[in-house]
Enquirer: 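Mind having a look at this structure? Questions to follow.
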Amino acid sequence: MSLGKEFTKGIIRENPLFRLTLGLCPSLAVTTSVENGLGMGAAFSAVLLASNITIALLRKIIPDSIRIPSFIVIIATFVTLIEMIMHAFAPDLFKSLGIYIPLIVVNCVILGRAEAFASKNSLMPSIMDGLGMGLGFTLALVIISAFREILGAGTFYGIPLFGASANPALIMILPPGGFITMGIILALMNKFQHDAK
Amino acid sequence: MRKELKLGLFLLIVAGLAGLAIGYVNDITSPIIAEQIKQNKIDSFAEVYPGAEEVKDESSQYVKEEDGIVTEVNVAYKAGAPCGVIYTVEPSGYSGVVRTLVAFDIATQKITGIKVLNQTETPGLGANSEESWFADRFKDKTATQPLEVVKQEPVGDNQILAITSATITSKAVTEGVNTARQHYVDNFVQQ
């Protein structure tokens, strides 16, 4: 497969959230506003890229029988680093994402890509895979959070859309709204894929 | 046996390197983070009690165990004399502690402002307690009278209009303010 394809596959065909349905728990938790969705996506992509690079470089050194604990240590290290850097240099973002950042450690997309891709491929394809999957995940988060923020809070990226008299459907930014949104999007994606066949 | 030792050693090296990296970045970021937390505190103090020349943490002198949800007492000074008191209270809301600052002015015996610092209430409902329009409902209330939460337009001076669909959170914040108020009356008002 070409490098370009490794990049684009994560965006639609193997979108981690919509097609592989990995990492649902942190995704549904943070997508109450577009700002949070973007922030989580950016932090996630940075960790994924860093872990893919490290694991692709170390793939011949890491013994097979303890690869999973090694991956987890590597991923957890990058998450901790990002958490500290974000706290120091982007305090507002840190405040809204705070408790979700450590969740990136257990985000199965990252471990999934390490296991399924980076540990079997060389550096360049792994970078492309990390970038594509990161972008795909971020896009998915932004789509879900735009849907929820517009319907649930009547705003987009914090900008009011409907004027003061509008009464938004609050349920959309509460946890049930996350599941409803996810269900609708997955159903639409399946329909389009089915029609295309 | 040799194989297990080798694997263990490998993990030890991986974890050691990870520890080194985290330690290095922590050295760089921790002073910035500490400075930020300090600055945030000063900013929030200025928000609830504007115009103080100096704010001193006097919790050790004023906070006693039986005070319950009062966690910090900071005294604001102007020209060397105490002019206001800023409380940190932690009442329990709908889904957790609602940490709130409450400030009183000693000269007028009124609340100069409150500010919800952090909370885990429902987004869109109780989380609105952080908004300034809710905090403004407590502004200039007198310290000598207990506050009360109402659901209709307040008629009395000591009544606070609840946030729509978030009565529990509104009551929690008011309970925090009342506790601070009582503590203030007991400790800072000469009878």
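Numbered from 1 within each chain, the chains take letters A, B, ... in sequence-line order. Worth saying up front: this structure is predicted, and the values here are computed from it rather than measured.
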Enquirer: Under the salt bridge (Lys or Arg N to Asp or Glu O under 4.0 Å) rule, what do B:Glu90 and B:Arg99 come out as? Steps first, then yes or no, please.
Expert: CA-CA 5 Å; B:Glu90 297 188 346; B:Arg99 258 183 80 211; 3.4 Å; yes

Enquirer: If I measure from the heavy atoms of chain B, does A:Ile61 come under 4.5 Å with its side chain, its backbone, both, or neither?
Expert: both

Enquirer: With distance as the sole test, does B:Ser170 use its side chain to make a donor-acceptor pair with the main-chain N or O of B:Ile163 at under 3.5 Å?
Expert: yes

Enquirer: Side chain, backbone, both or neither: which part of A:Ser33 has an atom under 4.5 Å from a heavy atom of chain B?
Expert: neither

Enquirer: Quick one: what part of A:Thr80 sits under 4.5 Å from any heavy atom of chain B, side chain, backbone, both or neither?
Expert: side chain

Enquirer: How about B:Phe10: does its CZ atom have over 12 heavy atoms from other parts shown lying under 6.0 Å from it?
Expert: yes

Enquirer: Count the heavy-atom pairs under 4.5 Å between each of B:Lys3, B:Gln36, B:Glu35, B:Lys6 and chain A, then report the option with the highest count.
Expert: B:Gln36

Enquirer: Using a cut-off of under 4.5 Å on heavy-atom pairs, state which of A:Ala88, A:Pro91, A:Ala76 scores highest against chain B.
Expert: A:Ala88

Enquirer: Measuring heavy-atom distances to chain B, does A:Leu174 have an atom under 4.5 Å in its side chain, in its backbone, in both, or in neither?
Expert: side chain

Enquirer: Can you classify the ring geometry of B:Tyr184 versus B:Phe188 as parallel (below 30°), tilted (30 to 60°) or perpendicular (above 60°)?
Expert: parallel

Enquirer: Whether the B:Gln39 and B:Asp43 side chains hold a donor-acceptor pair (N or O, under 3.5 Å, no angle test) is what I'd like checked.
Expert: yes

Enquirer: What option among B:Val14, B:Leu125, B:Ile22, B:Asn40 has the most heavy-atom pairs under 4.5 Å with chain A?
Expert: B:Ile22

Enquirer: For a 4.5 angstrom cut-off between non-hydrogen side-chain atoms, does B:Lys41 reach B:Glu72?
Expert: yes

